[in-house]
Asker: 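Take this structure first; my questions come after.
A, B, ... follow the sequence lines: proteins, then strands. Residue 1 opens every chain. As the structure is a prediction and not an experimental result, all values here were calculated from the model.
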Protein chains: 2
Amino acid sequence: MPVELTPSQALGLWHAVSREQVRVDSRDLTLRQMAILLEIYLVPPPHSVRGLAATLGVTKPVITRALDTMGALGLVDRVRDQRDRRNVIIKRTVEGALYLEKFGDLIINQGRKL
Amino acid sequence: MPVELTPSQALGLWHAVSREQVRVDSRDLTLRQMAILLEIYLVPPPHSVRGLAATLGVTKPVITRALDTMGALGLVDRVRDQRDRRNVIIKRTVEGALYLEKFGDLIINQGRKL
DNA sequence: TCCGATCGTTACGCAAGCGTTTCTTTCAAG
DNA sequence: CTTGAAAGAAACGCTTGCGTAACGATCGGA
């Protein structure tokens with residue numbers, strides 16, 4: 001089920017959502033952090049640091065730092081993989097799910113207003 | 001002409017666009033910078049520092065700094081208002097228009113893939 | 001038991017954004 | 001003129017993210 005947008009709608013939607021998000025949320029997640037967060041919540045687990053790094057085309061420390069920050073905000077969690085203890089499994093949290101749910105509502109509502 | 005999105009489509013669109021933007025563009029504009037840039041290009045001029053600050057609910061230095069950064073990238077320009085020389089008028093640039101045009105295409109293409 | 005490879009983290013110096021405060025220029029009302 | 005307000009920029013110290021390089025822990029095959 002594709003979404004067909006005109007150029008005006010596409011940029012208008014991004015504009016409205018960005019503006020409202022800036023107005024509402026003092027937590028200013030970077031584009032990278034947001035991309036990581038969405039990857040974790042929208043793609044089936046498990047998620048690893050190296051996997052996210054490869055998917056987004058960034059280095060591993062970028063992922064580690066983003067997880068540090070978002071972990072402190074309660075948006076994600078990390079657990080050692082007991083089957084291969086070199087790995088870290090990235091976990092979703094209730095707070096993170098709520099955060100994205102609210103963000104999705106913002107997108108939907110701004111889309112309706114276009 | 002509203003845009004009707006399901007929660008899955010809304011977050012899926014943001015996810016896909018963020019991911020591709022991270023992969024493609026090393027210029028990592030913050031959400032605030034992006035909101036300012038879109039405001040300048042989508043809302044009829046003239047634009048002033050104080051006006052943008054009020055619209056986005058941030059302080060003036062935030063706007064000044066964002067304009068410094070995006071000005072250095074060639075995405076916006078600043079000109080003194082000759083009618084009231086206290087004001088600065090923020091101008092669009094060809095490069096900025098191209099940047100947003102490409103970004104709009106990215107949104108449209110990712111929307112189609114949902 | 002090694003020992004090289006892999007995974008995630010940490011350390012380093014640097015660049016950029018933040019909020020608050022202060023400054024400079026300019027305007028306009030008295 | 002003088003003076004108070006307004007607009008934008010600059011200064012301050014701080015925090016956070018960056019890329020690169022090095023590190024410790026862990027695995028798995030020789």
Asker: Check the distance between dA6(D)'s P and Asp84(B)'s CG and give it to me in whole angstrom.
Answerer: 13 Å
Asker: dA5(C), OP1 or OP2 - any side-chain N/O from Arg86(A) closer than 4.0 Å?
Answerer: no
Asker: Kindly say if Arg78(B) contacts the phosphate of dA9(D), meaning a side-chain N or O under 4.0 Å from OP1 or OP2.
Answerer: yes
Asker: Per the atom types in the model, does the base of dG8(C) pair as donor or acceptor with the side chain of Arg85(A) at under 3.5 Å?
Answerer: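 Under the 3.5 Å cut-off, the side chain and the base do not form any donor-acceptor pair.
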Asker: Grab the CG-P distance between Leu67(B) and dA16(C) for me, whole Å please.
Answerer: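 In whole Å, dA16(C) P lies 16 Å from Leu67(B) CG.
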Asker: Assess the side chains of Ser48(A) and Arg50(A): does a donor N or O sit below 3.5 Å from an acceptor N or O?
Answerer: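 Short answer, yes.
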Asker: Rounded to the nearest Å, what distance is computed from the CG atom of residue Leu52(A) to the P atom of nucleotide dG8(C)?
Answerer: 9 Å
Asker: OP1 or OP2 of dG17(D) less than 4.0 angstrom from a side-chain nitrogen or oxygen of Thr69(A), does that happen here?
Answerer: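 For dG17(D), OP1/OP2 do have a side-chain N/O of Thr69(A) under 4.0 Å.
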Asker: Measure the distance from CZ on Arg65(B) to C1' on dA15(C) and round it to the nearest whole Å.
Answerer: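 The distance from CZ of Arg65(B) to C1' of dA15(C) comes to 14 Å, rounded to the nearest Å.
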Asker: Do side-chain atoms of Glu39(A) reach the backbone of Ile36(A) as a donor and acceptor pair under 3.5 angstrom?
Answerer: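 No; judged by distance alone, with no hydrogens or angles, the pair does not exist.
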Asker: Could you tell me whether Arg78(B) and Asp68(B) make a salt bridge, using a distance below 4.0 angstrom between a side-chain N and a carboxylate O?
Answerer: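 Here Arg78(B) pairs with Asp68(B) in a salt bridge, since their nearest N and O are under 4.0 Å apart.
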Asker: Kindly say whether Thr6(A) contributes a backbone atom to a donor-acceptor pair with the side chain of Gln9(A) at under 3.5 angstrom?
Answerer: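 Between the backbone of Thr6(A) and the side chain of Gln9(A) there is a qualifying donor-acceptor contact (under 3.5 Å).
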Asker: In this structure, how many angstroms lie between the C1' atom of dG17(C) and the CG atom of Leu31(A), rounded?
Answerer: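 After rounding, the reported distance stands at 16 Å.
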Asker: Under the 3.5 Å rule, do the base of dG8(D) and the side chain of Arg80(B) count as making a donor-acceptor pair?
Answerer: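 It does not, because no donor-acceptor pair links the side chain of Arg80(B) to the base of dG8(D) below 3.5 Å.
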Asker: Looking at Gln33(A), I'd like to know whether one of its side-chain N or O atoms comes within less than 4.0 Å of OP1 or OP2 on dG17(D).
Answerer: yes
Asker: Please check the phosphate of dG8(D) (OP1 and OP2 only) for any side-chain N or O of Arg50(B) closer than 4.0 Å.
Answerer: yes
Asker: Closer than 4.0 Å, any side-chain N/O of Thr64(B) to the OP1 or OP2 of dA9(D)?
Answerer: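 So the side chain of Thr64(B) is within the cut-off, an N or O lying under 4.0 Å from OP1 or OP2 of dA9(D).
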